[in-house]
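So the structure is just underneath, and the comments pick up after that.
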Amino acid sequence: MKIAVAIKRVPDMDTRFKIAPSGTAVDETGLKFDMSDFDGYAAEAALQINEKQGGGEITAISLGPDVVQETLRKALSMGLDKAVQLKADAVPFDGYAIAEALAAELKGGSYDLILFGRMAIDSSNQSVGPMVAELLGLPCISAVSQLDVSDGKTVKARRELEGAYEEVTCPLPAVVTIDEGVARPRYPSLKGIMAAKKKPLEVKPAQLGPVTATVAKMELPPERAAGRILGENADAVPELVRLLQTEAKVL
Amino acid sequence: MATDLATDTFLASPALRPREDDLYGIDAALTEEERAIRDNVRRWVDEKVLPIIGQHYLDGTFPKHLIAEMGELGFFGPSLPEEYGCAGLSNVAYGIIMQELERGDSGLRSAASVQGSLVMYPIYAFGSEAQKRHWLPKMAKGEVIGCFGLTEPDYGSNPAGMITRARKQADGSWVINGAKMWITNGSNAQVAVIWAKTEDGDEAGHSIRGFLVPTDATGFAAKDQKGKLSLRASDTSELVLADVHVPADAILPDSKGLKSPLMCLTQARYGISWGVLGAAMACYEEARSYAKTRVMFGKPIGGFQIQQVRLADMLTEITKGQLLALHLGRMKDAGTFTPQMVSLAKRNNVNIATECARETRRLLGGNGILAEYAAMRHMANLESVYTYEGTHDVHSLILGQAITGLNAFG
């Protein structure tokens with residue numbers, strides 16, 4: 001099956017973020033970057049589909065400056081077959097601008113299946129996948145936790161709901177966004193890492209759509225206020241109970 | 001549309017900026033591939049090793065279930081050529097893998113060191129083409145585990161005095177007798193590289209040669225050494241060879257004299273000089289995190305000068321050790337390294353790692369003695385690493401001889 005997987009390079013979330021002097025972006029100094037978690041699940045889902053079917057080709061696509069090549073090579077080291085970088089100076093906030101660039105690249109590729117992560121773990125927009133589907137005139141199923149395309153004609157997808165799940169089907173070709181649950185992304189083997197540099201990585205200028213939505217301001221949550229000591233012994237209890245009732249309203 | 005192919009081009013690492021735990025920006029001195037390998041092994045150790053290793057240490061068991069996966073991911077003999085089923089990585093990449101494995105546990109790294117540097121390497125360096133084709137691909141996958149028998153109960157730092165003998169029979173086959181001790185992987189191995197003195201009348205007369213001995217051969221016995229208070233998550237065995245009969249083609253044809261096993265040890269010691277940095281880093285990270293969160297006298301203990309000195313010393317020594325290991329690795333890749341350089345790196349890095357573990361144990365106070373934390377496990381492990389693969393003292397004498405030209409051995 002011919003599959004495309006869209007991949008975003010995001011900061012490692014296990015860190016204390018600072019805001020850049022511009023006030024509209026994260027300060028990238030000292031951050032470590034990796035593939036967005038859900039995109040890793042999407043790459044793994046694509047690999048498993050083609051391993052089950054015994055053939056096919058998987059293309060990783062990422063939009064951004066040259067540093068995204070590192071993330072693309074990680075996808076190649078997992079076993080994806082080739083990669084395309086849609087080169088842009090920066091990744092705009094506006095998902096539509098990105099979706100247009102991706103759709104322009106995907107349009108001519110005659111892909112059977114186009115996979116996205118459910119969302120990018122840094123921007124949490126959940127918008128690019130469905131927008132690409134719309135631009136390509138393809139059906140879209142979002143936040144899929146199990147995926148079956150074994151008949152080569154239809155997608156059978158499972159979506160987790162609050163306390164339940166639903167099964168959704170649509171014909172191929174289709175766009176599917178992947179939630180966790182499909183399968184944990186594999187560890188690239190050392191041979192896979194070595195092989196990645198021999199796989200094709202094509203660089204094309206991104207044909208970004210118009211950017212209309214931008215970040216006006218970014219702020220960190222306020223520091224937690226310091227605690228208060230009401231007293232040292234049993235005498236403090238009535239006041240504590242009163243404050244828990246009236247001020248904290250937890251009793 | 002303008003299109004160009006980025007195949008075989010790599011991002012310039014210097015674009016990376018120093019991080020909190022990488023004060024000297026050593027990341028920037030690694031290639032993208034080396035960083036990818038490090039991050040990959042690190043994730044594997046975080047997910048598969050750290051959650052279970054404390055219990056294995058307490059139980060005194062080697063986590064055998066990890067072997068197949070380690071093989072699949074390519075951790076065994078990663079710098080040997082691809083034609084033998086290995087990954088063909090650089091020596092720096094090999095060092096990085098050892099570092100990350102030892103960040104988990106010295107026992108795990110020891111198992112990989114022995115498999116790669118002490119068994120696969122001599123087969124590759126001294127073996128016949130048939131031996132290489134037979135053993136290396138299976139060993140790379142972890143389907144066959146090997147051990148290395150050089151040290152004997154009475155001959156540790158002085159292997160030249162070994163008692164084990166291989167006697168050539170009329171039909172060209174060999175009969176081996178002797179005992180080996182402190183053999184990592186010994187009871188878990190399917191094949192042993194046994195070093196023995198021959199009396200085959202070659203030019204050298206009594207010559208030390210290597211033999212590939214299947215561990216199911218009649219007369220071969222491996223018994224785990226009990227009562228270890230260090231490297232508890234690793235199998236250490238005693239081997240006994242009583243009239244073990246092996247065919248003529250069991251000998252490693254290009255092994256010639258004591259130099260051959262010493263070449264293997266140089267490989268393994270190189271890996272150790274990287275590996276122990278992983279243990280030191282694990283301890284430093286544990287110490288830093290504990291110092292920031294443990295409150296005593298109303299503030300985090302990291303706010304006290306005495307703990308800051310500890311942390312400053314650790315970071316300084318780790319950074320120096322990393323620069324030493326990386327430079328050594330680059331020289332090994334360039335083919336310009338010497339065994340004396342490896343002695344210096346092994347001696348220094350194991351020593352500073354041992355100190356880091358001990359200081360972390362102390363910084364953690366009472367909690368530092370618990371298996372829940374890594375410090376004391378690493379501390380106890382590193383006492384073995386300090387002693388094996390050329391003791392700290394033997395490396396001092398190697399350096400002393402290099403400096404003065406005078407031999408202080410014996």
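Each chain gets a letter, A, B and so on, in the order the sequences are listed, and its residues count up from 1.
Here Asp39(B) pairs with Lys32(A) in a salt bridge; the nearest charged N to carboxylate O distance falls below 4.0 Å. In summary, Glu47(B) and Arg184(A) engage in a salt bridge, as defined by a charged side-chain N under 4.0 Å from a carboxylate O. A salt bridge does not link Glu32(B) with Lys197(A): every distance from a Lys NZ or Arg NE/NH1/NH2 to an Asp or Glu carboxylate oxygen is 4.0 Å or more.
Residues Arg186(A) and Arg43(B) come closest through the heavy atom pair O-NH1, 3.7 Å. Scanning all heavy atoms of the two residues, the minimum distance from Ala87(B) to Leu190(A) falls at CB-CB, 3.9 Å.
The neighbour count for Glu160(A) CD, taken as heavy atoms of other residues, nucleotides or ligands under 6.0 Å away, is above 12. The neighbour count for Tyr373(B) OH, taken as heavy atoms of other residues, nucleotides or ligands under 6.0 Å away, is above 12. Within 6.0 Å of the CG atom in Asn233(A), the count of heavy atoms belonging to other residues, nucleotides or ligands exceeds 12. Within a 6.0 Å radius of CG in Leu220(A), other residues, nucleotides and ligands contribute more than 12 heavy atoms.
Here SG of Cys86(B) is found 11.5 Å from CE of Met194(A). Values are rounded to the nearest 0.5 Å. With values rounded to the nearest 0.5 angstrom, Ser189(A) atom OG is found 9.5 Å from Phe75(B) atom CZ. Ser77(A) OG to Asn40(B) CG: the interatomic distance, rounded to the nearest 0.5 Å, is 7.0 Å.
Using a 4.5 Å heavy-atom cutoff, the side chains of Glu69(B) and Tyr187(A) are in contact.
A donor-acceptor pair under 3.5 Å is absent between the side-chain atoms of Lys191(A) and the main chain of Gly88(B), judged by distance alone.
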Audit row: Glu33(B), Arg73(A), salt bridge (charged side-chain N to carboxylate O under 4.0 Å, His left out) steps and yes/no: CA-CA 9 Å; Glu33(B) 192 173 81; Arg73(A) 266 191 288 272; over 6 Å; no

